[in-house]
Amino acid sequence: FSGFAHSITLDCFCQDHGGLTSMCRCSRIGGKDLMRIMSATIESPNIRIGHMRDHFNEFRIFAKKMFSHKGAIFALCLRYFVDSGSLSSPTILSAVSLIAMLSMIGGNLLALKQTDLKRLLAYSSIAHLGYLLIAFVALQTQSTRFAVEASSVYVIAYMLTSLVAFGIINLLSSREGQALENSELSDYTGLFWRHPGLALALTFALLSLAGIPLTMGFIGKFYLLAAGAEAGLWALLAALIIGSAIGLYYYLRVIITLIKPAAENQSNWELGPRHATSCAVLAVFTVNLMIFGVYPEPLIDTVQSLSASLFR
C-alpha cells in the first residue's frame, strides 16, 4: 500500500503537479486500474526514482519521499474513510482507537530510550501517527468536516516540521567525498556554538514537534484536541496528553544537548557553498513554521476551503 501510494504521489507531482487534487482523484480509481498501477510499480520501481534524481538534488529527493509516503497515505485513507463510512462499524472503530492509543504511548516510550537522533525522531513519528488517528476516529461523529480539517492541519504541520528536523540531520550527516552517519545525540553536543543558525532551526522544529505554543505544531495539536473533545474521545485525549508529556521530555533533552559546551575533540561540521541551497530551503521552511505558528489563519482558511470542496 505504501509503494502504491508513493507511485501515485510521484506521478501527481512530477507529471501534472496536481498535488492533493490528483491524489483525491486517484482514490476513486477502479479495481483493474489499481492492479495495473501496482504491477507497474513492482515491475519498474526505478523509473520514478531515476526521474527525480535527474531533476532534484539530494535534499529535494528527501523532501519528496517525506511528502510521498505520509501525504499520499493520509490523502487516500482520509478519502476512503469519509466516502465509505467504515468507522461506523464498532469493530473497526475499536481497532483504530486501540492502535491510536498504543501508538501514542508506545511510540513515545520507544523514543525515550534512543540515543540516536534519527531513531528518536523515527520512533516519535509512531506517536504522531497515533495523535493523527484521533481525528480519524472523530470522523464517525457528526463533526466529520471539522475532523477532516483537524487532521489536515496536523499533517501539514507535522510534515513541514519533520522536513526541517530531518533536513538538518541529513545536511550534517554528509561531507565532501564521503557520507557520515553523525546521528548519535552526542555528535550534536554544542551545535549551537558551532552552527547557531542550524541549531536554532532544529530547536524550533523540536519545539514544534512537542506542541509548544507559538509553533505550527501547537496549532495542529490544538486542532486535534478540539476535534477529540467535540467527539467525546476522552480516553484518546488522555493518551495524547500523557504521550505529549513524555515527548516533551526527550525533545528538551535534545535541545539541552545542542546548547551544551562542545568537547575539545568534538568533530566540526564544515558547510561549504554546495550546502547553500539546502540551507536556504531549510531557512524558508523554518520561517514558515514561525509564521504559521503565530498567524495560522491563511493555512486554516486554505484547509477549510479544501474540506468544503470535499463535502460538496
Side-chain angles (χ1 to χ4, degrees), residues 13-14 17 49 52-71 116-122 124-125 156-210 212 214-218 220 251-263 266-295 298-299:
F13 278 106
C14 294
H17 303 281
I49 296 176
M52 290 177 62
R53 189 179 292 114
D54 292 336
H55 295 281
F56 300 100
N57 59 25
E58 180 181 357
F59 181 80
R60 290 181 181 179
I61 291 176
F62 162 77
K64 191 68 69 178
K65 288 182 178 180
M66 173 70 73
F67 277 94
S68 297
H69 286 98
K70 300 186 184 303
D116 185 286
L117 190 52
K118 285 184 179 179
R119 291 183 179 180
L120 184 148
L121 293 177
S124 71
S125 68
I156 294 173
Y158 171 72
M159 290 169 63
L160 186 58
T161 305
S162 295
L163 282 174
V164 174
F166 280 105
I168 293 174
I169 296 173
N170 183 66
L171 180 65
L172 296 177
S173 295
S174 62
R175 291 183 184 176
E176 191 71 38
Q178 60 178 345
L180 299 178
E181 286 296 327
N182 294 322
S183 57
E184 284 293 325
L185 189 56
S186 58
D187 295 330
Y188 291 82
T189 302
L191 180 64
F192 179 81
W193 309 107
R194 292 175 286 166
H195 297 290
L198 291 178
L200 286 175
L202 182 56
T203 298
F204 200 84
L206 293 172
L207 293 176
S208 182
L209 289 172
I212 300 300
L214 300 181
T215 64
M216 195 173 178
F218 171 77
Y251 287 134
L252 289 178
R253 184 183 65 178
V254 177
I255 294 174
I256 292 174
T257 301
L258 298 180
I259 63 178
K260 283 182 178 179
Q266 190 80 29
S267 60
N268 188 31
W269 289 300
E270 297 295 337
L271 300 180
R274 71 188 185 94
H275 298 110
T277 303
S278 297
C279 291
V281 173
L282 287 171
V284 171
F285 286 165
T286 305
V287 170
N288 284 327
L289 282 179
M290 299 171 63
I291 293 176
F292 288 127
V294 177
Y295 183 65
L299 173 64

Has the side chain of Ser208 got a donor or acceptor atom that lies under 3.5 Å from a matching backbone atom of Ala205? no
Could you check whether any side-chain N or O of Arg119 sits under 3.5 Å from a backbone N or O of Glu184, counting only pairs where one atom can act as donor and the other as acceptor? no
On a heavy-atom basis, which atom in [X] and which in [Y] lie closest, and how many Å separate them?
X	Y	value
Ala199	Leu258	O-CD1, 4.1 Å
Tyr158	Ser125	OH-CB, 2.9 Å
Thr286	Ala201	OG1-CB, 3.6 Å

Contact between [X] and [Y] at the side-chain level, heavy atoms closer than 4.5 Å - yes or no?
X	Y	answer
Leu160	Asn288	yes
Cys279	Leu171	yes
Leu207	Ile255	yes
Leu121	Tyr251	yes
Leu172	Asp187	no
Tyr188	Val254	no
Thr161	Phe285	no
Ile168	His195	no

Kindly compute the distance separating [atom1] ([X]) from [atom2] ([Y]), expressed to the nearest 0.5 Å.
X	Y	atom1	atom2	value
Ile169	Leu117	CD1	CG	3.5 Å
Leu198	Phe192	CG	CZ	12.0 Å
Thr189	Ile256	OG1	CD1	12.0 Å

Those residues that, when tested against Phe204, pass side chain to side chain contact (heavy atoms under 4.5 Å, CB included) (two or more places apart): Thr215, Leu289, Met290
Within the supplied structure, the quantity of interest is the number of heavy atoms (other residues, nucleotides, ligands) at a distance under 6.0 Å from Leu214 CG; does it exceed 12? no
